[in-house]
Amino acid sequence: MKQSPNDLKKYQPLTLQNGLRVLLISNTESDKAAAALAVNVGHFNDPKDREGLAHFLEHMLFLGTEKYPDGSEYQHFISQHGGSNNAWTATEHTCFFFDIQSTFLAPALDRFSQFFISPLLSEEFVQSERQNIDAEFKMKLKDDIRRLYDVHKETINPKHPFAKFSVGNIDTLQDRNEQSISNEVRAFFEQHYSAHHMTLAVEGPQSITKL
């Protein structure tokens with residue numbers, strides 16, 4: 001790795017046996033820790049008849065895991081210990097991240113990792129989260145940046161995946177043929193969310209060995 005002489009952090013890249021690429025960053029000048037995981041999948045991967053599916057899955061992963069089934073437990077734990085968290089879905093990547101008081105990094109990582117190991121993707125939350133996706137879509141309708149983005153989509157080659165509607169709404173994510181979309185969400189997760197498609201960064205004041 002190339003490193004600035006003014007950068008006092010210590011770095012260690014490694015690859016786990018399952019193919020997950022990891023970058024460890026020891027930053028002794030910080031009292032916080034943080035992690036971010038990027039998955040090499042985005043709205044370009046949405047099926048043609050399920051625009052917004054990657055974004056919908058991003059939302060669903062926050063809503064409970066087998067180990068932590070309470071859909072609000074992760075967010076509560078992060079905020080309770082001075083942290084914040086979020087995620088975004090772009091064209092070819094989806095990224096999840098959080099920061100927290102450094103002494104709580106290990107239990108935070110345990111909760112975070114379960115998103116990608118055993119998410120519930122529960123039918124219980126499909127209906128409510130689909131409404132949240134639709135609300136997010138409608139909230140941005142008058143946003144000038146989003147409007148310019150949509151004009152760009154309308155004027156490029158319609159066969160290019162960038163032309164797809166990326167956010168999703170109540171129509172593109174509706175149940176069909178009396179079958180819940182939850183089955184398609186799980187299939188999308190199982191197809192794309194594997195370790196060799198992921199890269200993780202973890203930073204904290206701990207030593208590289210501890211991290």
Side-chain angles (χ1 to χ4, degrees), residues 1-45 54-55 57-59 61-62 65 67-68 73-119 136 140 143-146 148-149 152-153 156 160-162 166-167 189 191-211:
M1 290 183 60
K2 294 182 179 180
Q3 187 171 346
S4 166
N6 299 315
D7 185 358
L8 302 180
K9 299 177 184 178
K10 294 181 180 179
Y11 299 86
Q12 178 63 56
L14 53 91
T15 302
L16 303 186
Q17 290 183 351
N18 63 1
L20 177 68
R21 291 167 295 180
V22 183
L23 178 63
L24 304 176
I25 308 162
S26 177
N27 179 8
T28 57
E29 296 184 346
S30 176
D31 60 358
K32 275 199 158 186
L37 185 137
V39 189
N40 189 26
V41 60
H43 84 78
F44 280 8
N45 301 91
H55 183 216
L57 173 58
E58 173 220 308
H59 279 234
L61 290 179
F62 282 86
T65 63
K67 188 172 182 179
Y68 302 100
E73 203 277 343
Y74 167 76
Q75 311 237 23
H76 178 70
F77 183 86
I78 296 293
S79 60
Q80 185 180 24
H81 299 295
S84 61
N85 69 95
N86 212 330
W88 48 259
T89 301
T91 55
E92 297 177 278
H93 295 89
T94 304
C95 186
F96 303 79
F97 54 94
F98 72 86
D99 64 67
I100 198 167
Q101 294 171 8
S102 61
T103 53
F104 296 96
L105 175 60
L109 277 174
D110 184 45
R111 288 161 172 78
F112 183 67
S113 66
Q114 298 305 312
F115 288 13
F116 316 105
I117 297 170
S118 57
E136 183 178 329
K140 294 284 188 178
D143 182 284
D144 287 343
I145 299 299
R146 177 57 61 87
L148 287 170
Y149 187 66
H152 188 186
K153 284 178 172 291
I156 68 163
H160 192 283
F162 184 77
S166 59
V167 178
F189 171 81
Q191 178 182 358
H192 296 289
Y193 275 64
S194 55
H196 67 285
H197 289 158
M198 299 177 177
T199 304
L200 172 70
V202 181
E203 177 173 344
Q206 299 92 332
S207 67
I208 289 292
T209 302
K210 181 66 173 176
L211 290 172

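Only a predicted model underlies this, so the values are computations on that prediction, with no experimental measurement involved. Note that these values count all heavy atoms, side chains included, but never hydrogens, waters or copies made by symmetry. By convention here, the first residue in the shown sequence is residue 1.
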Which heavy-atom pair separates [X] from [Y] by the least distance, and what is that distance?
X    : Y    : value
S194 : M198 : O-CG, 3.4 Å
A87  : F96  : CB-CD2, 3.6 Å
L57  : Y193 : CD2-CE1, 3.4 Å
V41  : T94  : O-OG1, 2.8 Å
A108 : I100 : CB-CD1, 3.9 Å
G42  : A54  : O-CB, 3.6 Å

Determine whether [X] and [Y] make a side-chain contact, defined as any pair of heavy atoms from C-beta on separated by less than 4.5 Å.
X    : Y    : value
L37  : F115 : no
L14  : L24  : yes
F112 : L105 : no
M1   : L23  : yes
V167 : R146 : yes

Original post:
Without hydrogens or angle criteria, can the side chains of S84 and D99 be said to hold a donor-acceptor pair below 3.5 Å?
Top reply: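 On atom types as modelled, these side chains qualify, holding a pair under 3.5 Å.
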
**OP:** Give a yes-or-no answer on whether the side chains of T89 and E58 include a donor-acceptor pair shorter than 3.5 Å.
**Re:**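 Yes, side-chain donor-acceptor contact under 3.5 Å.
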
How long is the straight-line distance from [atom2] of [Y] back to [atom1] of [X], given to the nearest 0.5 Å?
X    : Y    : atom1 : atom2 : value
S113 : L20  : OG    : CG    : 10.5 Å
H196 : N40  : NE2   : CG    : 9.5 Å
D110 : F104 : CG    : CZ    : 14.5 Å
Q12  : T209 : CD    : OG1   : 9.0 Å
F98  : L109 : CZ    : CG    : 4.5 Å

Original post:
Looking at residues at least two apart in the chain, or sitting in another chain, which of them share a side-chain contact (heavy atoms from CB on, under 4.5 Å) with K153?
Top reply: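 K153: side-chain contact (heavy atoms from CB on, under 4.5 Å) contacts with H43, Y149, D150, F162, S166.
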
Taking [Y]'s backbone N and O only, do any of them form a donor-acceptor pair with [X]'s side chain (distance below 3.5 Å, no angle check)?
X    : Y    : result
T199 : R21  : no
S26  : Q206 : yes
Q3   : K9   : yes

Original post:
Should we say atom NZ of K67 is surrounded by more than 12 heavy atoms from elsewhere, each under 6.0 Å from it?
Top reply: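 Result for NZ/K67: enclosed.
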
**OP:** Determine, using ring centers only, whether F44 and H93 are less than 6.0 Å apart.
**Re:**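 Not under 6.0 Å, so no.
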
Show me, pair by pair, the donor-acceptor contacts under 3.5 angstrom made by side chains of residues 73-82, not counting sequence neighbours?
residue: E73; atom: OE1; partner: R111; partner atom: NE; Å: 3.0
residue: E73; atom: OE2; partner: R111; partner atom: NE; Å: 3.1
residue: E73; atom: OE2; partner: R111; partner atom: NH2; Å: 3.3
residue: Q75; atom: OE1; partner: N85; partner atom: ND2; Å: 3.4
residue: S79; atom: OG; partner: Q75; partner atom: O; Å: 3.1
residue: S79; atom: OG; partner: H76; partner atom: O; Å: 3.1

Original post:
Between H59 and H55, what is the ring plane arrangement, given parallel below 30°, perpendicular above 60°, and tilted in between?
Top reply: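 Answer is perpendicular, since the angle exceeds 60°.
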
**OP:** Mind running side-chain contact (heavy atoms from CB on, under 4.5 Å) on L16 and V22 for me, showing each step along the way?
**Re:** CA-CA 8 Å; L16 303 186; V22 183; 4.1 Å; yes

